[in-house]
Amino acid sequence: MRRMSGLLLTVVFLGLFATPGYAQKDAWKNKWYWGAQVGAYMFSTPTQTTDAAFEVGGHWLITTERVGLHMGLSQVVYQNGTTSAIPDGTPQGFAVDFSRGRRLLAEVYVFPTDGQLQMYAGGGFVINMITDAQSTVLPTSPQQEQAIAQVLEQHTTKAFFSVTGGVQWRFGRSAMFATYQFIPSGRDFLISSTQHSFTGGLRYALTASSQDVSTA
């Protein structure tokens, strides 16, 4: 958490002292942004109604003329006592609790406008992982323990399609942004509902995403 706070402060500092003469109109094109985000992640499980988790992470945004490639990693912190359930089957269905997760994502954004305030929309895929799921059933034999472990492995990682929209306000090489992400429900995952992510943060264009080559 201290490292993430330090990253946010660094981005703010760089944004405030960005070069004054930097062209606002084209500043975002062909750039490699580094950023950080925090937010809320909404979901439900077979045993719980709609609940919220805390989400924090970092991302990269590589832009061209009107399109950007967005890649990110987020850590999800669920509330203590978050539960789910494995459907009936081997080993006869059982309850599960968890408190930590991770999200890897890769998306393509389209930027229809070129102003200081920009809207964007796109989609891609997200890999959701629950990293500390444990069965509330105490195994009575090594065979049952192995069966429980196998079922948990099958229900704690899943890839989903995503649809995303957002807005960013640019100042120099920096940008403040807010993003909403929708993920449809899926089978064989501890989170059985549709998923909604609301995040906001800062990003800064550290380097160019392409190098212009000129000849005499």
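The shown structure was predicted, so the numbers you read here are calculated from the model rather than taken from an experiment.
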*In sequence, state the C-alpha distance, the side-chain angles, and the governing distance for Trp32 and Leu206, and then conclude on side chain to side chain contact (heavy atoms under 4.5 Å, CB included).*
CA-CA 6 Å; Trp32 189 317; Leu206 288 177; over 6 Å; no
*For Trp60 and Leu69, run side chain to side chain contact (heavy atoms under 4.5 Å, CB included): C-alpha distance rounded to whole Å, both residues' side-chain angles, the deciding distance at 0.1 Å, then the answer.*
CA-CA 8 Å; Trp60 300 269; Leu69 173 63; over 6 Å; no
*Working for side chain to side chain contact (heavy atoms under 4.5 Å, CB included), residues Gln134 and Val96*: CA-CA 6 Å; Gln134 294 184 340; Val96 178; 5.9 Å; no
*Please walk me through it: do Val56 and Val76 pass side chain to side chain contact (heavy atoms under 4.5 Å, CB included)?*
CA-CA 7 Å; Val56 60; Val76 181; over 6 Å; no
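Checked options Thr47, Thr136, Asp51; the residue passing with Thr83 is Thr47 (criterion: side chain to side chain donor-acceptor pair (under 3.5 Å)). Between Tyr120 and the choices Val110, Leu61, Thr179, the side-chain contact (heavy atoms from CB on, under 4.5 Å) rule is met once, by Thr179. Partner of Ile183 under the side-chain contact (heavy atoms from CB on, under 4.5 Å) criterion, out of Phe125, Phe160, Phe43: Phe160 alone.
In the hydrophobic cluster analysis, where Ile, Leu, Val, Met, Phe, Trp and Tyr join through side-chain heavy atoms closer than 4.5 angstrom, Met42 is grouped apart from Phe54. When the side chains of ILVMFWY residues are joined at heavy-atom separations under 4.5 Å, either directly or via intervening members, Met71 and Leu104 end up in two distinct hydrophobic clusters. Side-chain heavy atoms closer than 4.5 Å link hydrophobic residues (I, L, V, M, F, W, Y) into clusters, and following such links, even through other members, never connects Tyr180 to Leu202.
Using a 4.5 Å cut-off on side-chain heavy atoms (C-beta onward), Gln154 and Asp188 make no contact. A 4.5 Å side-chain heavy-atom check between Lys29 and Asp114 finds at least one atom pair inside the cut-off. Side-chain contact check for Ser99 versus Asp132: some heavy-atom pair is nearer than 4.5 Å. The shortest distance between side-chain heavy atoms of Asn128 and Lys158 does not fall below 4.5 Å.
When every heavy atom of Ser135 is checked against every heavy atom of Leu152, the shortest pair comes out as N-CD1, 4.0 Å. Annotation for Thr157 and Phe189: closest pair N-CE1, 3.9 Å, computed over non-hydrogen atoms. When all heavy atoms of Asn30 and Glu65 are compared, the closest pair comes out as ND2-OE2, 3.7 Å.
Between Phe177 and His59, a ring centre-to-centre spacing shorter than 6.0 Å is recorded.
Counting only N and O atoms by type, the side chains of Arg103 and Gln195 include no donor and acceptor under 3.5 Å apart. Side-chain atoms of Ser44 and Ser193 form a donor-acceptor pair, as typed in the model, at a separation below 3.5 Å.
Under the 30°/60° scheme for interplanar angles, the aromatic rings of His196 and Phe198 are found to lie parallel. Using cut-offs of 30° and 60° on the angle between ring planes, the pair Tyr41 and Tyr78 is perpendicular.
Every residue meeting the side chain to side chain donor-acceptor pair (under 3.5 Å) condition with Ser74, not counting sequence neighbours, appears here in chain and number order: Gln37, Glu55. Phe161 meets the ring pair (Phe, Tyr, Trp, His ring centres under 6.0 Å) test with no other residue; sequence neighbours excluded.
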